[in-house]
Amino acid sequence: MKINIITYDKYFGHQLRVEDSLNISEVEGELREKNVNVETFNIKDFLKRPIVSTEYYWITSHQNPDIKKYLNDIVISKFMKNPDRLLPSL
C-alpha cells in the first residue's frame, strides 16, 4: 500500500490552529514501521500528477477559509472519479 501525504507549503493541519502543523515526519515514520510506502509532497506538485488507482491520498486542510476553499476545490476536481482513493473519503 502507498499513501501520498499532500501538504500546503509544508503545513499539514486537521482541526489544528494555523501555527500548529501535524508532524509529518513522525507520521511517515509510524507508517513506514507498519510497512506502508509513504511519499509527501506539496499541493502544487500534486496538481501536476495523475491519481493512481492503487494509491491513497491524505490531503491537508487549513483554517484559513480561502486556502480551505482552494484545497476543497482541488479535492473535488481530482477525486470525483476516484473518491475511494482519498483519506478521509469525500
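Remember, predicted model here, so these are calculated numbers, not experimental data. Values below: all heavy atoms of this structure, side chains included; hydrogens, waters and symmetry mates excluded.
Remark: Arg49 is not positioned above the aromatic ring of Tyr57, lacking an NZ or CZ atom under 6.0 angstrom from the ring centre and at most 45 degrees off the axis.
For residues 60-72, the pairs satisfying salt bridge (charged side-chain N to carboxylate O under 4.0 Å, His left out) are Lys69-Asp73, with sequence neighbours left out.
Residues Lys44 and Asp9 meet the side-chain proximity criterion, which asks for heavy atoms closer than 4.5 Å. You'll find the side chain of Trp58 stays beyond 4.5 Å of the side chain of Ile6, heavy atoms only. Side-chain atoms of Phe41 and Asn4, non-hydrogen and from C-beta on, do get closer than 4.5 Å to each other. Using a 4.5 Å heavy-atom cutoff, the side chains of Ile5 and Val38 are in contact.
For the atom pair Asn23 CG and Glu30 CD, the distance stands at 10.5 Å (nearest 0.5 Å). Between atom CD of residue Glu55 and atom CE of residue Met1 there is a gap of 11.5 Å, rounded to the nearest 0.5 Å. Put simply, OH on Tyr11 and NE2 on His62 are 5.0 Å apart, with the number rounded to the nearest 0.5 Å. The CG atom of Leu31 sits 11.0 Å away from the CD atom of Glu26 when rounded to the nearest 0.5 Å.
Using a distance-only test at 3.5 Å, with no hydrogens or angles considered, no donor-acceptor pair links the side chain of Arg85 to the main chain of Tyr56. In this structure a side-chain-to-backbone donor-acceptor pair under 3.5 Å is present from Asn64 to Ile67. Side-chain N or O atoms of Thr7 include none that pairs as donor or acceptor with a backbone N or O of Phe12 at under 3.5 Å.
Residues passing the side chain to side chain contact (heavy atoms under 4.5 Å, CB included) test with Ile74 are Ile43, Phe46, Leu47, Tyr70, Lys78, sequence neighbours excluded. In this structure, Arg32 has no side chain to side chain donor-acceptor pair (under 3.5 Å) partners at least two apart in sequence or on a different chain.
A pairwise comparison of heavy atoms in Leu71 and Thr60 identifies CD1-O, 3.7 Å as the closest pair.
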